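Quick notes on the structure that follows.
Owing to the predicted nature of the structure, the values given are computational and were not obtained by experimental measurement.
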Amino acid sequence: MTRMLIVGPAGSGKGTQSKRISEDLGIVAISTGDIFRVNIKEQTELGREAQRYVDAGDLVPDSVTNRMVEDRLTWADAKNGFLLDGYPRNRTQVAALDEMLSRLDVSLDVVLELTADREELILRLKKRAEIEGREDDADEAAIRRRLEIFESETAPMIAEYESRGLVRRVDGLGPMDEVNARIMEALKP
């Protein structure tokens, strides 16, 4: 049974590797983006609340995000382990996740941090913009800003988990299979 987080900057391969890890370990990959989309699509109470913020052009507040994540962690497919992608993003959310897991009487096993050289990430994201037509990855200044925000917001979060001895760092650059092999090796007890 594995309960884990995956963190890393945009372009580090989190989404791709989350799917692989989920399959390899037989646990559900839970992305906050997916949680938002499902709740909004199904017009749940939380989805309608999130939609109001999205429609207004505002960020969905932590209080709503936290409730969505906690609800998702109670689903049957998360009982035997999970991989959270995109949550928590800051120390406030770390505290909220700690409380959720305590209520569920479970704890985290590992925090997997994918690392990558900033300039390589920028090249990756620009290439992704060309291939997938992703406008959010086309502007280099915007990419640099997103990477700076990621670093400033997540550094304290990662430091918190590091103080608990949960962080395992893996180089996220290289062929997909090689990165996955490094991850699986890092996850061994």
Side-chain angles (χ1 to χ4, degrees), residues 1-38 62 65-66 68-73 75 77-98 100-101 104 106-118 120-121 124-125 128 132 134 136-137 143 146-189:
M1 187 175 320
T2 302
R3 293 179 192 92
M4 65 184 293
L5 310 178
I6 187 169
V7 296
S12 63
K14 284 188 319 295
T16 300
Q17 292 301 333
S18 289
K19 290 179 185 122
R20 299 275 306 266
I21 295 165
S22 170
E23 291 168 7
D24 291 346
L25 299 180
I27 59 176
V28 64
I30 301 171
S31 154
T32 48
D34 291 344
I35 295 171
F36 281 149
R37 284 184 285 279
V38 167
D62 282 352
T65 303
N66 295 341
M68 281 188 187
V69 170
E70 185 164 12
D71 173 69
R72 182 61 184 89
L73 291 176
W75 292 15
D77 65 350
K79 296 281 187 233
N80 293 322
F82 56 80
L83 183 157
L84 278 174
D85 175 4
Y87 183 92
R89 290 187 180 271
N90 54 51
R91 288 186 85 153
T92 303
Q93 289 181 348
V94 168
L97 180 61
D98 286 346
M100 286 176 218
L101 296 177
L104 296 169
V106 297
S107 60
L108 281 180
D109 299 310
V110 66
V111 175
L112 177 66
E113 180 184 11
L114 292 182
T115 63
D117 173 76
R118 180 184 285 222
E120 183 63 34
L121 289 173
R124 258 190 190 190
L125 291 169
R128 182 168 84 177
E132 298 178 18
R134 288 184 56 161
D136 59 329
D137 291 337
I143 292 170
R146 282 174 37 215
L147 294 174
E148 288 168 10
I149 290 169
F150 170 80
E151 289 169 11
S152 68
E153 285 186 357
T154 59
M157 177 196 76
I158 292 169
E160 172 66 30
Y161 285 124
E162 196 151 34
S163 74
R164 300 178 192 185
L166 293 175
V167 177
R168 308 229 181 119
R169 286 186 178 83
V170 173
D171 181 358
L173 296 179
M176 193 179 347
D177 290 337
E178 285 179 24
V179 173
N180 185 257
R182 288 194 295 263
I183 289 169
M184 298 287 63
E185 185 63 31
L187 293 177
K188 288 182 180 175

Test item: [X] side-chain N/O and [Y] main-chain N/O as donor-acceptor pair under 3.5 Å:
X	Y	answer
Ser18	Lys14	yes
Asp109	Arg3	yes
Arg182	Asp171	yes
Ser12	Pro9	yes
Arg168	Ala186	yes

How long is the span from the [atom1] atom in [X] to the [atom2] atom in [Y], to the nearest 0.5 Å?
X	Y	atom1	atom2	result
Arg169	Leu112	CZ	CG	10.5 Å
Glu70	Leu101	CD	CG	9.0 Å
Glu185	Asn180	CD	CG	12.0 Å
Asp24	Ile183	CG	CD1	9.0 Å

For residues [X] and [Y], determine if any side-chain heavy atom of one lies less than 4.5 Å from a side-chain heavy atom of the other.
X	Y	result
Gln17	Leu83	no
Arg124	Leu173	yes
Arg128	Leu125	yes
Leu108	Arg164	no
Phe82	Ile27	no
Val111	Ile158	no

Shortest non-hydrogen contact between [X] and [Y], atoms and distance:
X	Y	value
Arg91	Pro156	CD-CB, 3.5 Å
Ala78	Ile30	CB-CD1, 4.4 Å
Leu147	Leu121	CD2-CD1, 4.0 Å
Tyr87	Ala96	OH-CB, 3.8 Å
Ala29	Ser22	N-OG, 3.6 Å

Item to complete: Answer yes if the side chains of Asn66 and Gln93 hold a donor-acceptor pair under 3.5 Å, and no otherwise.
Response: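 Per modelled atom types, Asn66 and Gln93 side chains form no pair under 3.5 Å.
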Residue pairs passing the side chain to side chain donor-acceptor pair (under 3.5 Å) test with at least one member in residues 148-157, sequence neighbours excluded, are Arg118-Glu151
(request) Using the salt bridge (charged side-chain N to carboxylate O under 4.0 Å, His left out) rule, take Glu23 and Lys19 through it: C-alpha gap first, then chi angles, then the decisive distance, then the call. (result) CA-CA 6 Å; Glu23 291 168 7; Lys19 290 179 185 122; over 6 Å; no
Would you please test Val7 and Met157 for side chain to side chain contact (heavy atoms under 4.5 Å, CB included) and show each step? CA-CA 10 Å; Val7 296; Met157 177 196 76; 3.4 Å; yes
For this session: Kindly check if the number of other-residue, nucleotide or ligand heavy atoms within 6.0 Å of CE (Met176) is above 12?
Result: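 Check fails, neighbour count at 12 or below.
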Please report the C-alpha distance between Met184 and Leu187 in whole Å, then the side-chain angles of each, then the deciding distance to 0.1 Å, and finally whether the side chain to side chain contact (heavy atoms under 4.5 Å, CB included) criterion is met.
-> CA-CA 5 Å; Met184 298 287 63; Leu187 293 177; 3.6 Å; yes
* Begin from the C-alpha positions of Arg89 and Asp62 and carry the test salt bridge (charged side-chain N to carboxylate O under 4.0 Å, His left out) through to its verdict. => CA-CA 10 Å; Arg89 290 187 180 271; Asp62 282 352; over 6 Å; no
Exercise for the section: Only one of Asp85, Leu97, Val110, Leu166 passes side-chain contact (heavy atoms from CB on, under 4.5 Å) with Leu5; say which it is. Expected result: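 The single option meeting the side-chain contact (heavy atoms from CB on, under 4.5 Å) with Leu5 is Leu97.
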